[in-house]
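Everything numeric here is computed off the predicted structure, so don't read it as measured data. Residue numbers count from 1 along this sequence.
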Amino acid sequence: MWGAVAGALRAGSVRVLGQQQRPVINTLLKKRSLQWVNVCVTRFNGKDSAIGQLLGVNPEQTPNENLIQKYTVPVPFDKGENDSLLLHKPDQPENPKVLRVVILGAPNAGKSTLSNKLLGRKVFPVSKKVHTTRCQGQGVLTDGETQLILLDTPGMVNNTKVKRHHLEKSLQKDPWDCMKLADVVLILVDASDMWTRHSLHTEVLKCLFQYPTIPSILVMNKVDLVKQKGILLEITKQLTEGIVNNKKAVIKPLVKPLPSHGDNTGHTSKGQDTSSFEIEEPGVTVNEPVSVKLSPDVDEFADEESDAARRKIINELKKRKGWPHFRDVFMLSAINGEEVETLKKYLLTLAKPGEWEYHSDVVTTQSPQEICQNIIREKLLEYLPQEVPYNVTQVTDLWEEGSCGELVIMQTLLVQKENHVVRAFS
């Protein structure tokens, strides 16, 4: 996918607003009728191929297994077909169950990566830069008689950063709006970030405090990047304030510590994990937090007294590191898929009886155009320097079927400054 973008950049397919020339970026995606062939082709192109993820290729399976085993339904390439599916009456099973899952976290915690992994395909954009996700998106996972609706949200930011960096309001507003729809919320924490992993983001704490009745689950992501695994237990204790599912969680040594002198034979060497995370009985009673209006729309407060109370609570939350009301804790690696299947099975067990909201063939509420546009923007963020990709406007000039059945996409990238074009070429 990036090959087309890079080639277009080298050819001069970036223009400054106001100039007359309108060069294009060509990106080829196979139509639905060729998807079985693409499964094989994608396997030869490598397991990380973006088109392979879009089609639903499982990198852990062989090409033959992909052909014969039923996998997640593919995303339609045609907008009309996609709209028809969204409008189509859900094919309700005999005993339908549904669960709306909101995924919250700080920027770059891996929310979109986890959403894609749970869905089994590339639906949401992912890059190493912050604020890749600009607004909330819905993914739909149907398994048997259960339907999970995943609400992927932008990384939570405070009002100060929104104003300072001129960020879209959706980055601040959408996570809060999604919480109004949630049956359960996953709080994602980047366990590999040594600067932020010891405390929950203040905006996340504000959201949890305002919606205390929504079951919350702590998900420690990127654990594969943590060299000393034993520290994960200590981090978990801090983020849960030592309480999980209303019970006191304690760290217990698995082996006796090494003596100060003597033979080391039969003992765990220094640096190995020597602790376990257990739940102690009986349950610990924890006072439920009071639901308080903490969302960004502060203008709803009618008097100074209410505003002062709100500010006092926010100041108290800034001093806190964790949340004592998590129902459960998971440690996984979204990018590698490690323990993601365990989380998926757990979420399926939480689903409650209720009618499906979407047809079983629906994978996302996004249009094919939005998915492809996000994939291109993802590559721009990944390869263009500093602030340049954040100031690019994408304009789709062409979206049609080619003579050989391929889908031809032509885009113009608009930038605000002349030097952005120069930096894009460098």
Requested in this report: Decide side-chain contact (heavy atoms from CB on, under 4.5 Å) for Leu151 and Leu181; before the verdict, give the C-alpha distance in whole Å, the side-chain angles of both, and the deciding distance to 0.1 Å.
Outcome: CA-CA 9 Å; Leu151 285 84; Leu181 307 173; 4.1 Å; yes
Query raised in the report: Closest heavy-atom contact between Pro154 and Gln136?
Result: CD-N, 4.0 Å
Query - Ile231 side, atom CD1; Gln238 side, atom CD - distance, nearest 0.5 Å - result: 8.0 Å
Query raised in the report: Given the rule in the side-chain contact (heavy atoms from CB on, under 4.5 Å) test, do Val189 and Val204 qualify, once you have shown the distances and angles that lead to the verdict?
Result: CA-CA 10 Å; Val189 175; Val204 172; over 6 Å; no
Query raised in the report: With distance as the sole criterion, is a donor-acceptor pair present between the side chains of Gln366 and Asn374 under 3.5 Å?
Result: yes
Report task. Side-chain contact test, heavy atoms from C-beta onward, threshold under 4.5 Å: evaluate it for Asn246 versus His325 and give yes or no. Result -> no
Query - Leu414 vs Val395, side-chain contact (heavy atoms from CB on, under 4.5 Å): CA-CA, chis, key distance, verdict - result: CA-CA 8 Å; Leu414 309 177; Val395 179; 3.8 Å; yes
Query - Donor-acceptor side-chain pairing of Asn221 and Asp190 below 3.5 angstrom - result: no
Requested in this report: Would you check if the side chain of Gln416 reaches a backbone N or O of Val392 as a donor-acceptor pair within less than 3.5 Å?
Outcome: no
Query raised in the report: Can a salt bridge be assigned to the pair Glu241 and Arg320 using a cut-off of 4.0 Å between side-chain N and carboxylate O?
Result: yes
Query raised in the report: Heavy atoms, side chains only, cut-off 4.5 Å: are Asn158 and Thr202 in contact?
Result: no
Query raised in the report: Under 3.5 Å, is there a donor-acceptor pair between the side chain of Asn245 and the main chain of Lys247?
Result: no
Query raised in the report: Counting distance only, does the side-chain N/O of Ser192 pair as donor-acceptor with the main-chain N or O of Leu225 below 3.5 Å?
Result: no
Query - Pairwise distance OG1(Thr133) to CD(Glu378) - rounded to 0.5 angstrom - result: 9.5 Å
Query - Presence of salt bridge, Glu203 and Lys206, under 4.0 angstrom - result: yes
Requested in this report: Could you check if a side-chain atom of Lys97 sits within less than 4.5 angstrom of a side-chain atom of Lys352, using non-hydrogen atoms only?
Outcome: no
Query raised in the report: Is atom CD of Glu355 surrounded by more than 12 heavy atoms (other residues, nucleotides or ligands) closer than 6.0 Å?
Result: no
Query - Phe330 side chain near Met220 side chain, heavy-atom distance below 4.5 Å - result: no
Report task. Take the angle between the ring planes of Phe209 and Trp323 and call it parallel below 30°, perpendicular above 60°, tilted in between. Result -> perpendicular
**Report entry** Partners meeting side chain to side chain donor-acceptor pair (under 3.5 Å) with Asp177 (sequence neighbours left out)
**Finding:** Lys173
Report task. Decide, yes or no, whether a salt bridge links Lys111 with Asp152 under the criterion of side-chain N to carboxylate O below 4.0 Å. Result -> no
Query - Distance (rounded to the nearest 0.5 Å) between Thr349 OG1 and Lys344 NZ - result: 13.0 Å
Requested in this report: Test side-chain contact (heavy atoms from CB on, under 4.5 Å) on Ile409 and Leu398 and set out the steps.
Outcome: CA-CA 5 Å; Ile409 305 172; Leu398 182 66; over 6 Å; no
Query raised in the report: So, Thr146 versus Asp143: side-chain donor-acceptor pair below 3.5 Å or not?
Result: no
Report task. Considering non-hydrogen atoms only, spot the tightest contact between Pro107 and Val157 and give its length. Result -> CG-CG1, 4.3 Å
**Report entry** Spacing of CZ belonging to Phe124 relative to CG belonging to Leu114, to within rounding of 0.5 Å
**Finding:** 10.5 Å
Requested in this report: Please determine if Arg377 and Glu370 form a salt bridge, counting it only when a charged side-chain N lies under 4.0 Å from a carboxylate O.
Outcome: no
Report task. Heavy atoms only: give me the nearest Ala191-Val223 pair and the separation to one decimal. Result -> CB-CG1, 4.2 Å
Report summary line: What one should report as the nearest heavy-atom pair of Leu141 and Leu118 is CD2-O, 3.6 Å
Query raised in the report: Would you say Ile314 has more than 12 foreign heavy atoms packed within less than 6.0 Å of its CD1?
Result: yes
Query raised in the report: Mind checking whether Asn391 and Val415 have side chains closer than 4.5 Å, heavy atoms only?
Result: no
Query - Heavy-atom donor-acceptor pair, Lys129 side chain to Leu381 backbone, under 3.5 Å - result: yes
Query raised in the report: Do Leu148 and Leu348 come within less than 4.5 Å of each other through their side chains, counting heavy atoms only?
Result: yes
Query raised in the report: Once you round to the nearest 0.5 Å, how far does CG of Leu104 lie from CG of Leu200?
Result: 11.0 Å
Report task. Answer whether the closest heavy-atom distance between the side chains of Gln373 and Gln411 falls below 4.5 Å. Result -> yes
Query - Nearest atoms (heavy-atom pairs only) where Phe326 meets Ile217 - result: CD2-C, 3.8 Å
Query raised in the report: Out of Thr364, Asn116, Val363, Ile371, which one pairs with Arg121 under the side chain to side chain contact (heavy atoms under 4.5 Å, CB included) rule?
Result: Val363
Report summary line: One should read off an interatomic distance between Leu188 CG and Ser115 OG, to the nearest 0.5 angstrom, of 8.5 Å
Requested in this report: Give a yes or no on whether the backbone of Lys128 and the side-chain of Asn108 come within a donor-acceptor separation of less than 3.5 Å.
Outcome: yes
Query raised in the report: Residues in side chain to side chain donor-acceptor pair (under 3.5 Å) with Ser127, at least two apart?
Result: Thr132
Query raised in the report: So do the side chains of Asn315 and Lys312 get within less than 4.5 Å of each other, counting heavy atoms only?
Result: no
Query raised in the report: Does the Gln138 side chain pair with the main chain of Ile149, one donor and one acceptor, at a distance under 3.5 Å?
Result: no
Query raised in the report: Would Asp174 and Thr153 count as having a side-chain donor-acceptor pair, cut-off 3.5 Å?
Result: no
Query raised in the report: Minimum heavy-atom separation for Val340 to Ala334, with atom names?
Result: CG2-CA, 4.0 Å
Query raised in the report: Are any side-chain N or O atoms of Lys117 and backbone N or O atoms of Ser333, one a donor and one an acceptor, separated by less than 3.5 Å?
Result: no
